[in-house]
Structures are given as C-alpha cells and as structure tokens.
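Every chain is numbered from 1 and lettered A, B, ... according to where its sequence line falls, protein lines coming before strand lines.
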Amino acid sequence: MTELITQHLNEPQHEAVTAEPKHLLILAGAGSGKTRVLVHRIAYLIETGHATPYSILAVTFTNKAAKEMRDRIEALLNRPTQGMWVGTFHGLAHRLLRTHWKEAGLPEHFQIMDSDDQHRLIRRIIKTMQLDETKWPPKQAQWFINNKKDEGIRPHAMGDQDDVFNTTMLQIYETYEKTCQQSGLVDFAELLLRAYEMWQNNPELLAHYQARFNQVLVDEFQDTNGIQYAWLRLLAGDNTHFTAVGDDDQSIYGWRGAKIENIQRFTRDYPGTYTLRLEQNYRSTSTILNAANTLISHNTGRLGKELWTAGEKGDPIALYAAFNEQDEARYIVERISSWVASPDNKRSDVAILYRSNAQSRVLEEALLKAGIPYRIYGGQRFFERAEIKDALAYLRLMANRHDDAAFERAVNMPTRGIGGITLDIIRSQAREREISLWQSTENLINSEHLSSRASTAVGQFLELISTLARHCEDLALEEQIEKMLQTSGLLQHYQQQRNEKAQARVENLEELANAAAQFTPPEEDTRTTPLVAFLSHAALEAGEMQASEYDDCVQMMTLHSAKGLEFPFVFLAGMEEGLFPHQMSLQEEGRLEEERRLCYVGITRARKKIVMTHAETRRLHGREMMHAPSRFISELPNELVEHVRAKAVVSRPSADFHPRPSFKTDAATNIAVAATTIDGAPVQLGQRVKHAKFGEGVVLNCEGQGEQARLQVYFESVGSKWLVASFAKLESLS
DNA sequence: CATACTGCTGTTTTT
DNA sequence: CAGCAGTATG
C-alpha cells in the first residue's frame, strides 16, 4: 500500500511525501505537482502509522482547493476522510467557533457577514456618527478595520492616536465592533481573530487541539496573512509536525494582507525546518518555462527556484501588436477559430486571461459575434445577488431578531411604508440605549413615540417576522424558505414586474429554495438549527453554483482567478504599461514585483501555447489612451518571442485565419474566400492587395456580397480601411 | 414611495 | 463610457 502511494513520484516529490523531519517547507514551483505531494503525504502519513485521520489538519484558502484535496485523499486511500479536518482557514475557524461559541464570547446563533454586509453596516455607522461620508469613505474604514483584524489588533490595543485620521478610524472601528457584538454578527476577519483569541484565552482548550492535531499541513503558504500565521503558531504544540507548501513567486495577494515573509519567518520560528524544492515542471513546454524563469528573475529577494522540464521545446510565444482593443479581440478570436478548427482541439483548451474585469467586454462581444461559446469566471456569485441577499436577510432575522444588518435590509424590501424618518428614530434610540433595532422598534411601538401610521407599518413588520418564525419551527428548511418567500412579499414583488430582470430574480429566489433542499448541514453544525447552518454556508461559500461547467467553452478570467489552473492554450491580453503592470502599482517597487509575479502566474498557466497581445490605443474610462507595450514583454528572452505582424499573419492564411461570417471556407484548401472578387478571382481573407492611394495592404474582413461587398483592408500606411470592392480598384498581389 | 437625474469613480478577490 | 449611489422631484 505504501508503495502504491509513492510509486509514481519523482525523486524530490518522493522525498517531500516521505520526509521525516518535524517541520517541512516545500517550495513548489508552478506545475510541479504541489497538490499531489500534499495529498500523497497525508495518505503516506496515515498508511505508515505516523498519523491517524483524526490527528490531521489540512488547511487551504479556497473551498475549491479544500474540496479537491478531500476528494483526492479519498480516492487515494479509498475511504472517506472522516475525522480529518480539511478546510479553509475561515471554514475551520467557523467550525471552532460554532463548537465553542460560549468560550469565544459569541451568541449561540451568531451569523457571518460577507463584505457587502460589512460595507453597509460600516456606512450606516459612519452616518450615525454624523461623519461626512465624502471625507470618511466607508470603503476606507472597511479596509482599515479588516487590516487591523488581519494583524490581530483590537481597538483597545491601539491606544491614543495622534492624528485625526487614525482617531476617527479607531472610533469607527470601536463602534463597529460594538454593533457586531450586539447583533451577533461576525465578519470574515473576525472569524479568524475570534478563533485565535479563543484559544489564547482558553489554554485547556488550546491544549486539547494541540494534542489532537499532530500533523498540520498548509497549502499556498505564501498567501497567509498575519492572523492566519499567528493562528497556526498557536496551534503548534510540542508534538505538532508542520508541512507548509508554497511558492514565493506566486504570491499575488499582498494587496489584501498576504505576507510573503511568512515563508522565511517559518524557517526562523521553527529552527531545523527542512526545506526542499520541487522544480520539475510537468505542465509546460521548455519555451514557456524559460520565458517564465527569465521574467521572474527580474524580481529581487526571491527564495530561489528554477523550473525545468523534460518536455519539448514547443512553439515560441506569439506577440501581436493590435491597433486598438477591437483589433486585439478580433485577432484573439481568429486564433481561437483556427485552433478549434482542428478536430483534436477543444474550445475549453483555451483561456483568455486579463488583468482587469473591464477588459472582458470587448472580448466577449467579439466571441459572441463569431459564435464561439465562452464562459466568464468570477462575476456575480449566487449568494451575492441582491434578491438572494434580501431573502437571506429575512431568514437571518427569523434566526436572530437582533441582527441589525438584516433588519436594515429587510425592513423596507419590498416597500411597506416605512420611511427614512421612522427608521432614523428607531436607529437613534437603538444607539442611545445600546439595544438592537428590533428591540428599539418594540420599545417605540409600546411607548407610542411614533406616528400611528408609522407605528402600524413597523408593527406589521415585526409581526410578520415573528409569525413567520413561529410557523416555520417544525418545517423542513426548504419549506421554511418557500413560506418566507410567500409571506414576506418578496416573490410577489418581483412577480408583479413584467421585465426580464425581475423574471430572472424570481427564478433565482426559486433556486434558493432548491439549494436549501439540496443542503445537508456539515457535522459541526448539527448542534445548531439547519437554518443557521444554511446561512453560514451561504456566507462562507458564496459559490458560483457551477454554471455550465462541463460545456465546451472558451474560458475567460482575470489573472488572479487563473491561479491554480492550467490550459493548453493561453492568451494574455492587454499587455500594456498602465494596464499590466497596472497604473496603481507603478509607484512602489514592491507592488510592481507583485505584478510581475502575476505575469509569471499567467505564463505558467499554459501547457503548450501562449499568445500575448497589446493594443496601441485603448478606450479606457471613456477616453482614448495610448500605451506602450508592457515592460514584461521586453523582460522575456527575445528568441522565444515571435512578433506577429499583420503581414506575418497573412503569410500563413490557412493556419492563422479562419472564415468569418462573410467568408466561406474552400473545403479543398481550407482557405477563407470572400463573397466577392478582384480581377474576377475570389478574394481570400488575408490576401495581399494593392490600392492606388494607400499602397499595399491585407484583406482582413468582408461584408456583403458581389458588387456591394465591402472589404476591410489593413494598409501599412494608413491602418485599416473599409472599401467598397467594386470602386476601390484593388489589385491582387498573388 | 417610485422615478429621473446628477455626479462620481473607475485593480486584482476569497472568505 | 457605464454603473452606482445619492438626491431631487412628482
């Protein structure tokens, strides 16, 4: 069995899996089999009796990575991972807090807030503190608070501040904390900090977990932030063995608090840590790897690692200089079309990666026009849609009447005659007496401080929630949700509207009930109600609900979301100074290096082919911008890059061009033929032509047929022009 | 209370 | 340009 686990590993992998030292640091390059090593090591530790499933804790950053790890361990061991703690930092912290809510100082049914909830709550707080929102943007306060929490710093630990900014931020932070505690709300950073403090304040509890987990494995170690590292340090008792896997060259989340230094800190904090490197890449051609290695060598202070491969050289990296973003998209679509024209290739082999989401639109339009199916990753996620969050707000109130964030959201959605003035009264009383909005409302109704109209409206709302909660007590989760959708008036609100958007919202709400029907609470949540468990799940795994994941689509995503994935054919679009590296990162050297790592991540996603594109001009924020090609392009070895000129594209029409709507492919030659002629001969896409005034050019496109046909021709002298074929007097240049 | 208009702001994203 | 949030208006 042990042989089975280790038999298909290379030498360093084998060593990483079977290493004996107490603490192990594995520097694993892109495509070197990092997850594989981690999974095999866990299996090995169990099979050899070094550990029991019960004593293993493996932590990742995303739910997806956690699920993959669990699945692969199960497949390898051929039995379920019962007893093992495999999950995300946040997931595991949540589990601890649910189990030990009392020790953590939380109400039993505490709820998790996502960043959107958090943002609203902070905005609310800034308003009630009577601060000028333009001077104190909620975004900034949110950033401040999360940063402090990521560093493990509570308001009281900050002491007196000497400038207005920090003083005000601290005040907001303090008020925010108070409100959260009162409402039983926990944000993402709070999950980690609370779990940390809970251990710190309960030594016997900590000792229990230290004794239990003797094998702790951490994936993507370069992405850990301050509190995550501190949490791991705390967990490590005398008999804890650490395995940390990471790649400093793939650290791309510094901007949200990830500390690449944690890797070095680890070796300092745990003397005797055995460091080993996985440098053989099983993914990419040597061309791609050389390009990636050369690029990343421009960064300073690396831990040092050079990927190599036994694989073949492969194609050079193609570089296309587009005139503008339209032309860039056009070129990419053409390359995809010709790739897909071969029966061996699939659309899903292709990924278009870009720096920022705004770039996707032009690409999308071009793909749409060419009739190529695509899928965009990242974007609105199911549990983050407005209508879903509204529904969740009702559910949250049902579970916990003091959830102020939920109260704010549900109280007038759909509108029920509760105006801003009434709410202001409720809020100010809640603030004065330090009670929840719910309690404040109850008080105000009883003390008759509200106008009779407002009082009835608000009273009906309280009644609605209370009866709803009562009626739902004995119902199954999805029945509760259906009941809520009906009685809250949410569903009706959207059903009344006739437009398509509202229709989609109705469907989403129905899908919510569906999701609830599929939901089974995880083991640690069985002690709470299914509703509370479901709400936690919604916040913690906002998931994309795997839309058409299995379809054969071109994949589009930002470079950030491409980390961890691989594709045979990768496009890196928008390789321009100011875009990538992004304008905002050009000031500091550190941020520029992170951009470079991002580019490194992009390049190392590719198995076989890379096409990079940049546009000479691009419409950005409504303005025409000129950008120089990205410095990252010039940081690649010259001999590995092939500049694609309009000319060069044209010299191999069959390979690089594919018929577009106005062209027909000649079956025999596989050459695109326009529905018009020059000198009596059919025009080919990519054909070289001569114009009396503009000189030599290349046929790029054709619209219409026969006499009316218009040809798009790219001339070296004037760029691309649309010409009516019958008037242009074009001369064919073979 | 809903709609229209205005002004502002524009990286990356998981939990 | 375009999407959002917040305000003015009916």
Requested in this report: Check whether any side-chain heavy atom of A:R98 sits under 4.5 Å from a side-chain heavy atom of A:S536, and report yes or no.
Outcome: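 The answer is yes, as the side chains (C-beta and beyond) meet within the 4.5 Å cut-off.
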
Query - Test item: side-chain donor near acceptor, A:N508 and A:E387, under 3.5 Å - result: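 Result is yes, a qualifying pair exists.
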
Query - Flag for A:Q555-A:Y377: side-chain donor and acceptor within less than 3.5 Å - result: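 Indeed, the side chains of A:Y377 and A:Q555 share at least one donor-acceptor pair under 3.5 Å.
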
Query - By side-chain hydrogen bond (donor to acceptor under 3.5 Å, both in side chains) - contacts of A:D71 (at least two apart) - result: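 Once residues adjacent in sequence are excluded, the partners of A:D71 under the side-chain hydrogen bond (donor to acceptor under 3.5 Å, both in side chains) criterion are A:K67.
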
**Report entry** ring centroid sep under 5.5 Å plus plane angle under 30, A:Y253 with B:dT14
**Finding:** no

Between [atom2] on [N] and [atom1] on [X], what's the gap in Å once rounded to a whole number?
X: A:H621; N: B:dT9; atom1: NE2; atom2: C1'; answer: 9 Å
X: A:K149; N: B:dT14; atom1: NZ; atom2: P; answer: 20 Å
X: A:D187; N: B:dT15; atom1: CG; atom2: P; answer: 16 Å
X: A:R597; N: B:dT11; atom1: CZ; atom2: P; answer: 21 Å
X: A:K64; N: B:dT15; atom1: NZ; atom2: C1'; answer: 15 Å
X: A:D116; N: B:dT15; atom1: CG; atom2: P; answer: 16 Å
X: A:F188; N: B:dT15; atom1: CZ; atom2: P; answer: 8 Å
X: A:F580; N: B:dT11; atom1: CZ; atom2: P; answer: 16 Å

I want to check one thing: is the phosphate of [N], taken as OP1 and OP2, less than 4.0 Å away from some side-chain N or O of [X]?
X: A:N225; N: B:dT15; value: no
X: A:S585; N: B:dT11; value: no
X: A:N63; N: B:dT14; value: no
X: A:R591; N: B:dT12; value: no

Report task. Would you mind telling me which residue lines up with the more 5' stretch of DNA chain B, A:E384 or A:E595, judged by nearest nucleotide? Result ->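 Its nearest nucleotide lies further toward 5', so the answer is A:E595.
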
Report task. Find which nucleotide of DNA chain B each of A:M584 and A:T415 is nearest to by heavy atoms, and output the residue with the more 5' nucleotide. Result -> A:T415

Report which part of the nucleic acid [X] touches: base, sugar-phosphate, or nothing (heavy-atom distance under 4.0 Å, all strands).
X: A:D223; value: nothing
X: A:R416; value: sugar-phosphate
X: A:I418; value: sugar-phosphate

Can you sort out the partners of [X] under salt bridge (Lys or Arg N to Asp or Glu O under 4.0 Å), two or more places apart, ordered by chain and number?
X: A:R618; result: A:E328, A:E576
X: A:R72; result: A:E68
X: A:E364; result: none
X: A:E190; result: A:K149, A:R154, A:R194

Any protein N or O atoms within reach of nucleotides 2-6 of chain C? Criterion: under 3.5 Å, listing atom names and distances.
| residue | atom | partner | partner atom | Å |
| --- | --- | --- | --- | --- |
| C:dG6 | OP1 | A:R123 | NE | 3.4 |
| C:dG6 | OP1 | A:R123 | NH1 | 3.0 |

Proximity to the side chain of [X] - top-ranked nucleotide from [options]:
X: A:H582; options: B:dT15, B:dT11, B:dT13; value: B:dT11
X: A:R256; options: B:dT12, B:dT15, B:dT14; value: B:dT14
X: A:T62; options: B:dG10, B:dT13, B:dT14; value: B:dT14

Report task. Mark yes when over 12 heavy atoms from residues, nucleotides or ligands other than A:M129 sit less than 6.0 Å from its CE; otherwise mark no. Result ->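 Count over threshold, so yes.
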
Query raised in the report: Has the side chain of A:S115 got a donor or acceptor atom sitting under 3.5 Å from an opposite partner on the base of B:dT15?
Result: yes

Kindly give the atom pairs (protein nitrogen or oxygen, nucleotide nitrogen or oxygen) under 3.5 Å for nucleotides 5-8 of chain B.
none

Requested in this report: Report the residues that fulfil side chain to side chain contact (heavy atoms under 4.5 Å, CB included) with A:D114, sequence neighbours left out, ordered by chain and then residue number.
Outcome: A:D116, A:D117, A:F188, A:E384, A:K389

Give every donor-acceptor pair under 3.5 Å between a side-chain atom in residues 453-465 of chain A and any protein atom, sequence neighbours left out.
| residue | atom | partner | partner atom | Å |
| --- | --- | --- | --- | --- |
| A:T456 | OG1 | A:S452 | O | 2.5 |
| A:T456 | OG1 | A:R453 | O | 3.1 |

